[in-house]
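Working notes, structure below.
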Amino acid sequence: MNALIIIPARLAATRLPNKPLADIHGKPMIVRVMEQAQKADIGPVIVASGDREITETIKKAGGAVIETDPNLPSGSDRVYQAFLQVKNHQDFDVIINLQGDLPLIDPKDIRQSTLPLSDQSVNIATLIAPVKTEAERNAPSVVKVACSFDENAKIAKALYFSRCPIPYGDGPLWHHVGIYAYRKAALKQFISMPTSSLENREKLEQLRALEAGMTIACATIEAAPFGVDTPEDLDNVRRIVKG
């Protein structure tokens, strides 16, 4: 697969203003995410910037950046707009949408995200990790995935995503990790569709794809990377990096 990693970023954030530029021991968070993506070594890495400050930060760090319309409604729209501006973009088969708030993402996990696309019936691939604590299980900020694995399988199709603990009953729960590997045609189809009723209800855009009959498959990783959504999250990441 000829892959391209695009990291959408903009400054607007309600709980943590200017989040992409948050300093983590001398480096802005968006730069740390970009560097982890570069270490994955599976294709070019581009930041899709919605703000001049982000553009200048990435250029200063020596990274590739494409400016996008700051009024775009979602990160996926930002990724697609940037993709269309990439030179020879038609040569890429897979576009990886990597969230810009995962400064501790393991490069090998980024590589893992493409594995479900070995099945030609899969439109979109993503990652999941086991839920390990009650706090994780019950937190609405932790998106859970209902999927059923065959014995010894490491990949399964996603049946539903929710902020509630799903499925009910005994058995493992899976934490969704914010990274998507799209086939080129799937990304184009996804951003061309209107938002769906379940997407609006759960505030989860991946439900738009499922409601439209697209196939999302999940690859497992050992642990969900620590995401940054609040000032407390940022403090935790700073402690981890310092250690």
Side-chain angles (χ1 to χ4, degrees), residues 1-11 20 27-103 105-127 155 177-193 205-206 208-209 212 214-217 219:
M1 297 179 190
N2 196 5
L4 173 68
I5 301 175
I6 301 181
I7 308 167
R10 63 182 185 131
L11 295 182
K27 287 184 182 180
M29 179 162 59
I30 188 63
V31 172
R32 287 191 176 273
V33 177
M34 178 186 72
E35 290 176 346
Q36 293 303 94
Q38 291 168 339
K39 291 174 186 175
D41 196 28
I42 57 172
V45 178
I46 294 170
V47 173
S49 168
D51 298 275
R52 171 60 62 177
E53 295 92 331
I54 294 173
T55 300
E56 294 304 320
T57 296
I58 295 301
K59 286 182 177 179
K60 185 177 179 181
V65 61
I66 291 176
E67 292 190 320
T68 58
D69 183 348
N71 297 313
L72 288 172
S74 74
S76 298
D77 292 284
R78 198 171 308 286
V79 165
Y80 189 66
Q81 188 176 92
F83 169 68
L84 293 179
Q85 297 180 62
V86 173
K87 184 178 180 181
N88 298 325
H89 65 269
Q90 65 276 5
D91 294 339
F92 291 97
D93 307 306
V94 175
I95 302 100
I96 298 173
N97 178 350
L98 174 60
Q99 303 304 302
D101 58 3
L102 297 173
I105 184 78
D106 191 321
K108 77 175 188 302
D109 291 342
I110 298 174
R111 294 193 295 270
Q112 183 87 347
S113 71
T114 65
L115 291 184
L117 295 180
S118 60
D119 181 343
Q120 292 300 313
S121 71
V122 173
N123 305 118
I124 304 167
T126 193
L127 295 176
I155 295 172
V177 177
I179 178 171
Y180 298 94
Y182 291 90
R183 295 190 193 279
K184 181 168 50 181
L187 179 58
K188 181 178 181 180
Q189 178 185 349
F190 178 77
I191 62 97
S192 70
M193 297 185 295
E205 67 176 4
Q206 59 269 47
R208 184 193 323 173
M214 300 177 76
T215 300
I216 302 176

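All values reported here derive from a predicted model rather than from experimental measurement.
- A donor-acceptor distance shorter than 3.5 angstrom exists from the side chain of R183 to the backbone of L117, with no hydrogens or angles considered.
- Counting heavy atoms from C-beta outward, I42 and I96 have side chains that approach closer than 4.5 Å.
- A donor-acceptor contact shorter than 3.5 Å is absent between the side chain of R10 and the backbone of G75.
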Before you tell me yes or no, could you show the steps for D109 and V177 under side-chain contact (heavy atoms from CB on, under 4.5 Å), namely the whole-Å CA-CA distance, both residues' side-chain angles and the distance that decides it to 0.1 Å? CA-CA 10 Å; D109 291 342; V177 177; over 6 Å; no

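- Residues E35 and V31 have side chains in contact (heavy-atom distance under 4.5 Å, counting atoms from C-beta outward).
- For D93, there are no salt bridge (charged side-chain N to carboxylate O under 4.0 Å, His left out) partners two or more places apart in sequence or in a different chain.
- The closest side-chain heavy-atom distance from F92 to K184 is not below 4.5 Å.
- The minimum heavy-atom distance linking P8 with I6 is given by the pair CD-O, 3.5 Å.
- Residue S49 comes nearest to T55 through the heavy atom pair OG-OG1, 2.9 Å, listed as atom of the first residue, atom of the second, then distance.
- Atoms CD1 and OH, on I95 and Y182 in that order, are 9.5 Å from each other to the nearest 0.5 Å.
- In this structure a side-chain-to-backbone donor-acceptor pair under 3.5 Å is present from D69 to N71.
- Nearest heavy atom pair, residue V45 against residue A64, reads O-CB, 3.6 Å.
- The line from CD1 of I5 to CZ of R111 is 10.0 Å long, rounded to the nearest 0.5 Å.
- Under a 3.5 Å cut-off, the side chain of N2 and the backbone N or O of D91 do form a donor-acceptor pair.
- In plain terms, the two heavy atoms of S76 and I191 that are nearest each other are O-CG2, 3.8 Å.
- Contact record, I46 with V86: CD1-CG2, 3.5 Å, taken as the closest heavy-atom pair.
- For the pair D51 (side chain) and L11 (backbone), a donor-acceptor distance under 3.5 Å is present.
- Here the closest non-hydrogen pair linking I7 and Q99 is CG2-C, 4.3 Å.
- Judged purely by atom type and a 3.5 angstrom limit, S113 has no side-chain atom pairing as donor or acceptor with the backbone of T126.
- Judged as a ring-ring contact (aromatic ring centres under 6.0 Å, His included), the pairs with a partner in residues 62-84 (not counting sequence neighbours) are, in order, F83-H89.
- Annotation: side chain of M214 is not in contact with side chain of R208 (no heavy-atom distance under 4.5 Å).
- Applying the ring-ring contact (aromatic ring centres under 6.0 Å, His included) test to residues at least two apart or on different chains, none of the pairs has a partner in residues 42-71.
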